[in-house]
Participant: 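Sharing a structure here in structure tokens format.
Chain identifiers are assigned alphabetically (A, B, ...) following the order of the sequence lines, protein sequences preceding nucleic acid strands; residue numbering begins at 1 within each chain. No experiment lies behind these values; they were computed from the predicted model shown.
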Number of protein chains: 2
Amino acid sequence: MSTAEETAGGEPQPWGEVSPDAARRLLVAAVEAFAERGYHATTTRDIAGRAGMSPAALYIHYKTKEELLHRISRIGHEKALDVLRTAADSEGTPADRLAEAVRSFVRWHAGQHTVARVVQYELDALGPDARAEIVALRRQNDAEVRRIIQDGVAAGDFDVPDVKGTTVAVLSLCIDVARWFNVNGPRTPDEVGALYADLVLRMVRATK
Amino acid sequence: MSTAEETAGGEPQPWGEVSPDAARRLLVAAVEAFAERGYHATTTRDIAGRAGMSPAALYIHYKTKEELLHRISRIGHEKALDVLRTAADSEGTPADRLAEAVRSFVRWHAGQHTVARVVQYELDALGPDARAEIVALRRQNDAEVRRIIQDGVAAGDFDVPDVKGTTVAVLSLCIDVARWFNVNGPRTPDEVGALYADLVLRMVRATK
DNA sequence: GGGCACTCTAAGCGCTCGCTCACCTTCGGC
DNA sequence: GCCGAAGGTGAGCGAGCGCTTAGAGTGCCC
């Protein structure tokens, strides 16, 4: 975590680590465009245009259009993993930790739904090597959630017949928020996070 | 429902209503290609090639590439809606009906995950009119699930503080199956359906 | 058995894509 | 005040895209 790159509210702009400034503007523009139209429907001219630059400028900072997607995917996944790990490693009962994990993970997928959309749904546009790297990060997400659920089962706090399947379902529920969440909709990221945390505690039948 | 277009197992090929034969082959080819690579990354040459025809043949049966997507989306959504309605209208307690709805809806999204993928994730590639039509179908899905949950609450069988939010979550959980389900994975569509039905009954705290 | 509707192909048009290249500007170091 | 590095631009290349067109093969009706 770096300095003051997150605000309390919804839309941080967590690209503080990307420099120089022009490279960051291009990255932010690419996130917007990819989220709106999808990777393949986005042109390099569109990205450069949104960043206020000529089409050729993109290639000073990135080798290819795919490299942009790769960078976005890695940074995005690392942020999400960070959020999840913080919750998983926190103090409290397994139920507290699971609720906090779901709450913050969902909040991220709702508040940062543009990034999340790109990260979760444009994976197939990456080449084999880049995809393998991202898939590995994704498995770490899975491991964090499974760890919490296993802790709960071991402590006798949860009633979960199928830990692996339930882990997949919990993550699935959270990730799909990026697909349907709408900024102009009736719910804030915080509200969705609270609702989903409750639902997940029901799924594992948390008793304390 | 028409005659014998579904088998008991996993992969029906529910395109019996599409004719002539060449048009159906093109549609099936398009579903495969869109599911694998996405709409924008799929070329009309690829679709025609998979159907064993020349690139130009496509335009005898469909006006544009987008019309293919539109047709696939509508038929796919109608099938899914049909599955859901059958369960929602069945006999039994709200818990029975909800479990059956989730079980069959999930089974469809897993077994037909190529169609489901196209239907759920390529919506944005449609023009405004076609998209509006599909969105309307989607809202009917929502209404079916909400109806069951409301019935359960009214009967005192479910404990659900937020019916709208829970409805979204249940559908979200089911739909996301299309994203992660893998035919070569360890679970069959039936198994995932059973697991998810149980998880959803927990989410609504069904008491009978 | 001639005419016609239907289905399909080979060739290719016009366009836009990702990306490159030659050149221009700005700026810190000496 | 000159110089090289770094960051930018305008023009455009080669390729592949969605889609069209002219014409050939095939079967059905009269």
Participant: Who passes side chain to side chain donor-acceptor pair (under 3.5 Å) against Asn141(B), sequence neighbours left out?
Facilitator: none
Participant: Of all residues at least two apart in sequence or in a different chain, which pass the ring pair (Phe, Tyr, Trp, His ring centres under 6.0 Å) check with Tyr196(A)?
Facilitator: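 Not a single residue meets the ring pair (Phe, Tyr, Trp, His ring centres under 6.0 Å) criterion with Tyr196(A).
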Participant: Scan residues 134-145 of chain B for pairs that pass salt bridge (Lys or Arg N to Asp or Glu O under 4.0 Å), counting only residues two or more places apart or in two chains.
Facilitator: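 For residues 134-145 of chain B: Arg85(B)-Glu144(B), Asp142(B)-Arg146(B), Glu144(B)-Arg147(B).
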Participant: Roughly what angle, to 10°, lies between the helix axis at the start of the helix from dG1(C)-dC30(D) to dC30(C)-dG1(D) and the one at its end, five pairs per end?
Facilitator: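 Between the axes fitted at each end of the helix from dG1(C)-dC30(D) to dC30(C)-dG1(D) lies an angle of 10°.
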Participant: How would you list all residue pairs meeting ring-ring contact (aromatic ring centres under 6.0 Å, His included) that involve residues 20-60 of chain B, not counting sequence neighbours?
Facilitator: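 ring-ring contact (aromatic ring centres under 6.0 Å, His included) check on residues 20-60 of chain B returns Phe34(B)-Tyr39(B).
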Participant: Rounded to whole angstroms, how far apart are CG on Asp21(B) and P on dC6(C)?
Facilitator: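 Rounded to whole Å, this separation is 18 Å.
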Participant: What pairs of residues pass the ring-ring contact (aromatic ring centres under 6.0 Å, His included) test when at least one of them lies in residues 64-86 of chain A, not counting sequence neighbours?
Facilitator: none
Participant: State which residues pass side chain to side chain donor-acceptor pair (under 3.5 Å) with Glu66(A); sequence neighbours excluded, sorted by chain then number.
Facilitator: none
Participant: Test: salt bridge (Lys or Arg N to Asp or Glu O under 4.0 Å). Region: residues 121-135 of chain B. Which pairs qualify, not counting sequence neighbours?
Facilitator: Arg74(B)-Glu133(B)
Participant: Could you run down nucleotides 10-23 of chain C 5' to 3' and tag each one B, S or - for protein heavy-atom contact under 4.0 Å?
Facilitator: B-B----BBBBB--
Participant: Pick from Val145(B), Ile175(B), Leu81(B): which one makes a side chain to side chain contact (heavy atoms under 4.5 Å, CB included) with Phe105(B)?
Facilitator: Ile175(B)
Participant: Mind checking which nucleotides bracket the chain B contacts on DNA chain D, 5' to 3', with an atom under 4.0 Å from a heavy atom?
Facilitator: dC17(D) to dT21(D)
Participant: When the distance from CG of Leu26(B) to C1' of dT7(C) is rounded to whole Å, what number comes out?
Facilitator: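 Rounded to whole Å, this separation is 12 Å.
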Participant: Residues in side chain to side chain donor-acceptor pair (under 3.5 Å) with Asp198(A), at least two apart?
Facilitator: Arg202(A)
Participant: Tyr62(A): what forms a ring pair (Phe, Tyr, Trp, His ring centres under 6.0 Å) with it, not counting sequence neighbours?
Facilitator: none
